[in-house]
Protein chains: 2
Amino acid sequence: MGTVRSASNRLPDDAAGKAAPIGRTAVVGSGARTVRASSPLEGGARGGRSAAEVVKINDVAREAGVSAATVSRTLNGRSSVDPVLAARVREAASRLGYRPNGVARSLRRQVTDVLALIITDVSNPFFTAITRGVEDVAQSRGLSVLLCNSDEDPGKESTYLHVAEQEQVAGVILSPHRAGSDVAHLRRASIPMVVIDRPLDEPVDSVMVRSREGARAATNHLIDAGWTRPACITGPGDAWTAQERLEGYLEAVREHGELDELWVHAPFRQQGGMSGAARLLDAPDPPDALFVANAQMALGVLEEARRRGLRVGVDLGVITFDDAPWTSFVSPPMSVVAQPAYDIGAQAAQLLMERVKGTAPEAPRHLWLSTMLIVRESSRRHGPG
Amino acid sequence: MGTVRSASNRLPDDAAGKAAPIGRTAVVGSGARTVRASSPLEGGARGGRSAAEVVKINDVAREAGVSAATVSRTLNGRSSVDPVLAARVREAASRLGYRPNGVARSLRRQVTDVLALIITDVSNPFFTAITRGVEDVAQSRGLSVLLCNSDEDPGKESTYLHVAEQEQVAGVILSPHRAGSDVAHLRRASIPMVVIDRPLDEPVDSVMVRSREGARAATNHLIDAGWTRPACITGPGDAWTAQERLEGYLEAVREHGELDELWVHAPFRQQGGMSGAARLLDAPDPPDALFVANAQMALGVLEEARRRGLRVGVDLGVITFDDAPWTSFVSPPMSVVAQPAYDIGAQAAQLLMERVKGTAPEAPRHLWLSTMLIVRESSRRHGPG
DNA sequence: ATGAAAGCGCTAACAG
DNA sequence: CTGTTAGCGCTTTCAT
């Protein structure tokens with residue numbers, strides 16, 4: 001697949017050995033812990049003494065000659081403070097390089113200015129587009145977004161759900177692995193949540209895509225284009241989106257009667273597309289066109305087609321879900337069912353913001369967005385030769 | 001660019017209006033706060049009373065008839081407890097559905113089991129591959145990874161650096177926007193850090209790629225292939241990787257004498273590649289081959305070439321950095337300089353783990369990984385027509 | 001091995 | 001408007 005010219009990497013052994021975990025503090029001297037300034041003689045961190053000590057709110061208070069409460073009020077602007085004192089506080093804070101401890105604040109306030117977005121695959125452009133949507137609206141509201149990659153792994157998913165709970169994030173946007181994903185703890189901690197891309201067996205806000213409709217349109221298009229044995233390569237059986245896209249395919253096929261129903265399940269990855277295509281094409285009476293459930297799989301399909309010397313658009317019609325950045329550059333340009341990924345993210349963040357602020361109605365809201373069929377060349381039937 | 005069949009999305013207005021922020025608690029009744037069980041008469045959450053109340057360590061302690069300290073010790077396994085009591089504690093904890101409050105724990109322990117990975121572009125496959133590397137080793141060490149997308153925006157970067165500090169993450173892996181990115185606060189908070197992809201003007205661990213070497217090899221390859229006016233489309237001038245790749249190009253060009261030095265800077269995006277190519281090709285004496293500094297830009301180059309009716313591999317030679325998943329499927333297959341992205345992440349995580357555990361030497365370590373030239377078709381010179 | 005008590009650093013009632 | 005006081009929920013000495 002190309003000439004390789006050079007290579008040289010190495011992954012070093014774990015130089016750490018099996019030593020017991022040690023705290024963050026560098027192990028320099030004996031076990032004696034650093035002593036914090038407490039005697040009035042210390043007089044605060046004056047001048048250029050670049051101590052590694054962390055400045056706390058009380059240091060600032062002392063330096064500014066006010067109470068910690070006033071420092072807090074000044075810096076948070078929640079209550080009015082005498083301008084003179086406020087100035088003194090700000091001055092002291094910046095002189096000392098004070099940085100509020102977010103953990104302490106969170107503990108006290110019980111919320112953070114952070115929200116978590118848990119997706120099933122960072123390397124899928126569909127999800128990164130969603131991410132952008134989420135980020136844009138979150139940022140406009142002054143919140144940060146922490147991305148968590150659950151990788152279609154229930155274990156990782158629950159770990160991240162746990163992290164979100166532990167860290168007391170303001171809200172969670174989740175693309176659940178399965179409808180049964182356990183979010184009870186989040187609910188119990190009353191952390192607002194919005195589900196995207198796939199449904200959840202819980203009464204929560206959601207933003208979904210009419211996948212089935214898109215799949216049906218894609219399959220119909222394949223048939224209209226003159227392909228006579230369209231098949232479907234969809235995601236794993238336990239993924240709702242995979243089922244829906246398969247359903248859409250089946251609906252279309254059934255509308256036309258006479259057609260065989262041909263489909264396989266495979267992981268939502270390039271490798272999955274490859275093996276799925278292989279299984280289908282190895283059948284006694286193989287399909288002449290493929291509706292593929294995601295762009296990463298589509299790449300695998302192209303790979304397998306190439307391996308077999310099948311010309312896409314001639315020997316094999318192909319259309320896929322997701323308008324990845326590369327779709328119009330492959331040969332031939334790939335027809336797709338585009339999902340409004342950015343909007344999914346933006347809408348979900350909207351809904352979440354409303355929950356966070358408490359301005360949302362109690363009943364869960366469900367948004368359904370539509371797909372868009374973009375016909376390029378891979379799905380058209382070009383005469384052989 | 002394709003026939004569009006249907007579309008229908010909408011982005012609802014901000015239904016929230018401009019109401020002041022309200023805490024997470026649903027605003028149901030008056031201002032009276034929920035009262036916590038404190039009277040001995042309450043007797044703990046027996047039976048099916050599914051209270052929305054959050055269970056705290058003291059509830060578990062009471063339920064198990066031990067002290068909070070014992071509960072903590074049991075659940076953290078840091079000190080030995082009587083097996084009988086331990087069993088009782090565990091039983092009580094699970095019966096009550098106790099979930100330790102991570103924020104409180106972090107405040108006390110001053111660390112979290114989470115590390116932050118700050119990258120400049122989630123939608124760049126190079127960075128998602130890095131992410132996988134980081135995740136794999138972090139997970140094997142029992143840590144979770146929070147991904148932060150700084151988007152080449154110094155503001156966002158510093159926000160995330162701030163979040164990382166606030167949340168007291170165990171460590172940070174950063175792909176800095178500029179060498180001058182301000183990480184002083186992290187250092188002051190003694191949060192371990194590893195820099196990837198680009199250097200930082202600070203004595204910290206780093207994992208980098210010999211970009212310049214790769215760029216030089218790519219350019220030399222273009223020249224060897226028979227192209228006579230190779231040009232370079234690199235990233236923004238303030239990005240180190242962009243400079244290095246340009247340098248590599250220049251080195252190669254200079255080695256050959258006689259050749260003009262042709263290059264432009266542009267954002268590391270598809271759009272950037274497009275405009276960069278346009279500028280270069282619009283010149284009086286345009287190049288006949290392009291060395292592109294990243295895969296997303298390369299897509300833009302393909303777009304521009306198509307727009308102008310230039311045949312890649314015939315009228316225009318192209319080679320790019322990064323072996324994105326689609327590179328071998330575009331037409332013609334794209335030659336690339338592959339970076340060991342996964343390894344960058346894995347190695348960085350390794351280094352970070354050692355710092356977190358305190359088993360690393362004090363002096364910063366610098367790892368340099370090599371690229372790999374993969375020659376496909378886009379860079380070969382095929383006779384016209 | 002266990003419990004009591006002392007905070008981690010901050011914010012929010014509550015008086016003044 | 002400001003300071004005092006009381007925790008947020010947990011872990012960890014320090015005694016026992």
Side-chain angles (χ1 to χ4, degrees), chain A residues 23-25 31-38 53-62 64-89 93 96 98-113 165-168 189, chain B residues 21 23-25 31-34 36-38 53-62 64-89 93 96 98-113 165-168 189:
Chain A
R24 166 190 309 155
T25 323
R33 299 194 57 185
T34 315
V35 180
R36 291 230 169 58
S38 61
E53 276 312 328
V54 165
V55 178
K56 288 158 296 180
I57 197 169
N58 275 315
D59 300 329
V60 177
R62 198 179 316 125
V66 298
S67 73
T70 298
V71 175
S72 172
R73 285 191 275 249
T74 304
L75 270 26
N76 291 300
R78 311 191 145 268
S79 168
S80 51
V81 185
D82 180 288
V84 182
L85 292 192
R88 235 158 65 200
V89 166
L96 264 37
Y98 171 63
R99 317 221 82 201
N101 178 322
V103 174
R105 166 188 297 195
S106 299
L107 178 57
R108 182 63 234 233
R109 299 223 291 209
Q110 313 273 45
V111 217
T112 325
D113 286 343
E165 182 193 351
Q166 302 280 67
E167 301 294 325
Q168 313 233 52
Chain B
R24 166 190 307 154
T25 324
R33 298 194 61 186
T34 316
R36 293 233 169 58
S38 62
E53 275 312 328
V54 165
V55 178
K56 287 159 295 180
I57 198 170
N58 276 315
D59 301 328
V60 177
R62 198 180 315 125
V66 297
S67 74
T70 299
V71 175
S72 172
R73 284 192 273 249
T74 304
L75 269 27
N76 290 301
R78 310 189 147 271
S79 167
S80 53
V81 269
D82 182 285
V84 182
L85 292 192
R88 237 157 65 199
V89 166
L96 263 37
Y98 170 63
R99 318 221 82 200
N101 178 320
V103 174
R105 165 188 296 198
S106 298
L107 178 56
R108 183 61 234 236
R109 299 226 288 211
Q110 313 274 44
V111 217
T112 326
D113 285 345
E165 181 192 351
Q166 301 279 69
E167 301 295 325
Q168 314 232 53

Query raised in the report: Distance check: side-chain N/O of A:Thr70 vs OP1/OP2 of D:dG3, anything under 4.0 Å?
Result: yes
Report summary line: Out of D:dT2, C:dG9, D:dT12, minimum distance to the side chain of A:Arg108 belongs to C:dG9
Query raised in the report: More 5' along DNA chain C: B:Pro83 or B:Arg109, using each one's nearest nucleotide?
Result: B:Pro83
Query - Closest to side chain of B:Ser80, choosing from D:dC1, C:dG9, C:dA1 - result: C:dA1
Requested in this report: Nearest 0.5 Å please: distance from the CD atom of B:Gln166 over to the CZ atom of A:Arg105.
Outcome: 6.5 Å
Report summary line: Value for CD1 (B:Ile57) from CG (B:Asn101), rounded to nearest 0.5 Å, stands at 10.5 Å
Report task. Quickly work out the A:Gln166 CD to D:dG9 P distance and round it to whole Å. Result -> 13 Å
Query raised in the report: B:Asn101 side chain: which of C:dC10, C:dT2, D:dC10 is closest?
Result: D:dC10
Query - Residue A:Arg73, side-chain heavy atoms: nucleotide from D:dC10, C:dG9, D:dG3 that is nearest - result: D:dG3
Query raised in the report: Rounded to the Å, how far apart are B:Lys56 NZ and D:dG7 C1'?
Result: 11 Å
Report task. Using atom CG of B:Leu107 as one end and atom C1' of D:dG7 as the other, report the distance to the nearest whole Å. Result -> 12 Å
Query raised in the report: Rounding to a whole Å, what distance do you find between B:Ile57:CD1 and C:dA4:P?
Result: 14 Å
Query raised in the report: Has A:Gln110 got a side-chain N or O lying under 4.0 Å from the OP1 or OP2 atom of D:dG9?
Result: yes
Requested in this report: Measure from the side-chain N and O atoms of B:Ser106 to the backbone N and O of B:Gly102, and report whether any donor-acceptor pair falls under 3.5 Å.
Outcome: yes
Query - Given D:dT11, D:dG9, C:dC10, the nucleotide with the shortest approach to the side chain of B:Asn76 - result: D:dT11
Requested in this report: Would you mind checking if B:Lys56 and B:Asp59 are paired as a salt bridge, meaning a charged N to carboxylate O distance below 4.0 Å?
Outcome: no
**Report entry** Whole-Å gap separating P (D:dC10) and CZ (B:Arg99)
**Finding:** 12 Å
Query raised in the report: Which part of the nucleic acid, if any, lies within contact of B:Val103, taking any heavy atom under 4.0 Å across all strands shown: a base, the sugar-phosphate backbone alone, or nothing?
Result: nothing
Requested in this report: Please state how far atom CG in A:Asn58 lies from atom C1' in D:dG3, giving the value in whole angstrom units.
Outcome: 12 Å
Report summary line: Rounded to whole Å, CG of B:Asp82 lies from P of C:dG3 at a distance of 10 Å
Query raised in the report: Where the side chain of B:Ala69 is defined as all heavy atoms beyond and including C-beta, which of C:dG3, C:dT11, D:dC1 is the nearest nucleotide?
Result: C:dG3
Query raised in the report: Roughly how many Å is it from CZ in A:Arg88 to P in D:dC1, rounded to a whole number?
Result: 16 Å
Requested in this report: Would you confirm whether A:Ser72, through its side chain, and A:Ala68, through its main-chain N or O, come within 3.5 Å as a donor-acceptor pair?
Outcome: no
